[in-house]
Colleague: 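Okay, here's the structure, questions in a sec.
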Amino acid sequence: MMLWSPLVRLTHWGMAALVLFNLFNDTGRIHRWAGYAAAALVICRLLYSLTQPRLSPARVRVPDPVSVLDHVRHLLKGQVEPTRGHNPVGMWAALIMWALVLSLGFTGWMSQLDRYWGEDWLLELHEGLAQGLQAVVLIHWAGVITMSALLKQNLVMAMVTGRSNGKHGHLNTEQDN
């Protein structure tokens with residue numbers, strides 16, 4: 001069953017590649033344009049979400065605190081709650097990563113303005129945002145590995161092919177509403 005559309009997969013892997021590239025290439029024009037491209041992919045992904053049906057896995061929803069706590073509580077009990085698309089914690093991780101990428105693009109752009117050129121506070125903010133993004137990416141990887149094991153489903157492959165193996169990725173739950 002199709003789970004992730006080509007545009008969702010393109011923006012996901014494109015952003016991953018650009019963020020990884022910028023991790024190792026942290027200065028100069030190429031770094032700046034890669035950051036702008038990553039921010040553009042986030043904007044594209046968010047705009048695409050607005051065109052999707054309410055129950056689509058590509059639709060961005062802000063999970064409420066109760067659903068996040070319920071999800072964590074179930075996980076701690078060893079009970080896996082299958083979802084179609086992101087679970088509540090995974091959706092928050094995506095939202096945080098997108099906000100960080102957009103913030104990095106904005107602070108990177110600001111650092112090129114005459115008004116802020118060479119401002120230490122802005123460069124430190126940009127660096128702090130980059131470190132925050134690295135931390136959330138590591139948490140994202142841990143979550144994907146953990147949920148893949150618990151669901152007995154290769155979530156990385158689902159993001160490569162767009163297809164669910166049908167065990168859990170096709171179910172609608174309250175978290176998808």
Side-chain angles (χ1 to χ4, degrees), residues 1-20 22 35-77 79-110 125-126 128-148 150-151 153 155-156 158-160 162-164 168-177:
M1 161 164 260
M2 186 56 86
L3 182 62
W4 298 116
S5 71
L7 187 93
V8 167
R9 291 179 285 140
L10 175 69
T11 57
H12 176 273
W13 293 114
M15 211 175 334
L18 290 165
V19 167
L20 185 63
N22 268 358
Y36 296 157
L41 287 174
V42 171
I43 292 167
C44 180
R45 174 65 175 88
L46 293 173
L47 291 174
Y48 177 70
S49 168
L50 297 175
T51 69
Q52 298 306 294
R54 190 171 62 88
L55 295 178
S56 168
R59 184 74 182 231
V60 175
R61 299 170 208 60
V62 178
D64 64 274
V66 172
S67 65
V68 172
L69 290 173
D70 283 347
H71 178 73
V72 170
R73 204 172 297 124
H74 283 103
L75 282 177
L76 292 174
K77 292 178 184 176
Q79 302 168 341
V80 180
E81 289 291 321
T83 59
R84 185 171 183 230
H86 292 101
N87 64 48
V89 174
M91 188 72 252
W92 267 111
L95 291 168
I96 291 167
M97 285 186 280
W98 294 337
L100 287 166
V101 168
L102 291 173
S103 298
L104 282 160
F106 184 69
T107 57
W109 171 76
M110 282 181 62
L125 174 59
H126 189 77
L129 291 168
Q131 291 171 353
L133 180 59
Q134 291 170 23
V136 178
V137 166
L138 291 175
I139 292 167
H140 170 62
W141 289 350
V144 168
I145 291 167
T146 301
M147 291 307 295
S148 289
L150 292 172
L151 292 169
Q153 181 177 359
L155 298 177
V156 175
M159 188 54 78
V160 170
R163 298 196 174 282
S164 163
H168 298 293
H170 66 285
L171 297 177
N172 286 324
T173 67
E174 288 301 312
Q175 295 153 345
D176 289 326
N177 296 329

Colleague: What distance do Thr11 atom OG1 and Ile43 atom CD1 have between them, rounded to the nearest 0.5 Å?
Modeller: 12.5 Å
Colleague: Short question: side chain of His12, backbone of Val8 - any donor-acceptor pair under 3.5 Å?
Modeller: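 Checking the backbone N and O of Val8 against the side chain of His12, no donor-acceptor pair under 3.5 Å is found.
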Colleague: Rounded to the nearest 0.5 Å, how far apart are CD1 of Ile139 and CH2 of Trp92?
Modeller: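 If we round to the nearest 0.5 Å, Ile139:CD1 and Trp92:CH2 are 14.5 Å apart.
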Colleague: Between Ala38 and Leu18, what is the shortest heavy-atom contact and its length?
Modeller: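 Nearest pair, atom of Ala38 first, then Leu18: N-CD1, 3.6 Å.
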Colleague: Could you check whether any side-chain heavy atom of His74 comes within less than 4.5 Å of a side-chain heavy atom of Val80, counting everything from C-beta outward?
Modeller: no
Colleague: Testing the basics here: between Val101 and Ala39, what is the closest heavy-atom pair and its distance to 0.1 Å?
Modeller: CG1-N, 3.7 Å
Colleague: Measure from the side-chain N and O atoms of Trp13 to the backbone N and O of Met159, and report whether any donor-acceptor pair falls under 3.5 Å.
Modeller: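 The answer is yes, because a donor-acceptor pair under 3.5 Å joins these two groups.
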Colleague: Taking atom CG of Leu133 and atom OG of Ser103, what is their separation to the nearest 0.5 Å?
Modeller: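 Here the interatomic distance stands at 10.0 Å.
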Colleague: Answer yes if the side chains of Ser5 and Tyr48 hold a donor-acceptor pair under 3.5 Å, and no otherwise.
Modeller: yes
Colleague: Could you pull out the closest heavy-atom pair between Trp109 and Tyr36, with the gap in Å?
Modeller: CA-OH, 3.4 Å
Colleague: If you look at every heavy atom in Gly108 and His126, which pair is closest and at what distance?
Modeller: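 Gly108 and His126 have their closest heavy atoms at N-ND1, 3.5 Å.
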Colleague: For Val160 and Arg9, which heavy atoms make the closest approach, and how far apart are they?
Modeller: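 Heavy atoms only, the tightest pair is O-NH1, 3.0 Å.
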Colleague: Checking Leu150 against Leu75 for the side chain to side chain contact (heavy atoms under 4.5 Å, CB included) test, could you report, in this order, the C-alpha distance in whole Å, the side-chain angles of both residues, the deciding distance, and whether it holds?
Modeller: CA-CA 9 Å; Leu150 292 172; Leu75 282 177; 3.7 Å; yes
Colleague: Quick one: CD on Gln134 to CG on Leu20, what's the gap to the nearest 0.5 Å?
Modeller: 10.0 Å
Colleague: Of all residues at least two apart in sequence or in a different chain, which pass the side-chain contact (heavy atoms from CB on, under 4.5 Å) check with Trp141?
Modeller: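 side-chain contact (heavy atoms from CB on, under 4.5 Å) list for Trp141, sorted by chain: Val137, Leu138.
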Colleague: Let me confirm one number: the NE2-CD1 distance from His140 to Ile145, rounded to the nearest 0.5 Å.
Modeller: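 Rounded to the nearest 0.5 Å, the NE2-CD1 separation comes out at 10.0 Å.
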Colleague: Does Ser148 reach the main-chain N or O of Leu155 with its side chain, forming a donor-acceptor pair under 3.5 Å?
Modeller: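 The answer is yes, because a donor-acceptor pair under 3.5 Å joins these two groups.
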Colleague: Side chains of Leu47 and Thr51, heavy atoms from C-beta outward: is any pair under 4.5 Å?
Modeller: no
Colleague: Starting at CE of Met97, measure out to CG of Leu102 and round the result to the nearest 0.5 Å.
Modeller: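 Atom-to-atom, Met97:CE and Leu102:CG are 12.5 Å apart.
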Colleague: Where the side chain of Arg61 meets the backbone of Arg54, is there a donor-acceptor pair that is under 3.5 Å apart?
Modeller: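 Yes; at least one donor-acceptor contact below 3.5 Å.
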Colleague: So does Pro57 get a backbone contact from the side chain of Arg84, meaning a donor-acceptor N/O pair under 3.5 Å?
Modeller: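 Pair absent, no side-chain N/O of Arg84 close to backbone of Pro57.
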Colleague: Keeping the roles fixed (side chain from Ser67, backbone from Asp64), state whether a donor-acceptor pair exists under 3.5 Å.
Modeller: yes
Colleague: Taking only residues two or more places apart in sequence, or in another chain, which ones meet Val60 in a side-chain contact (heavy atoms from CB on, under 4.5 Å)?
Modeller: Arg45, Leu46, Ser49, Met91, Leu95, Trp98
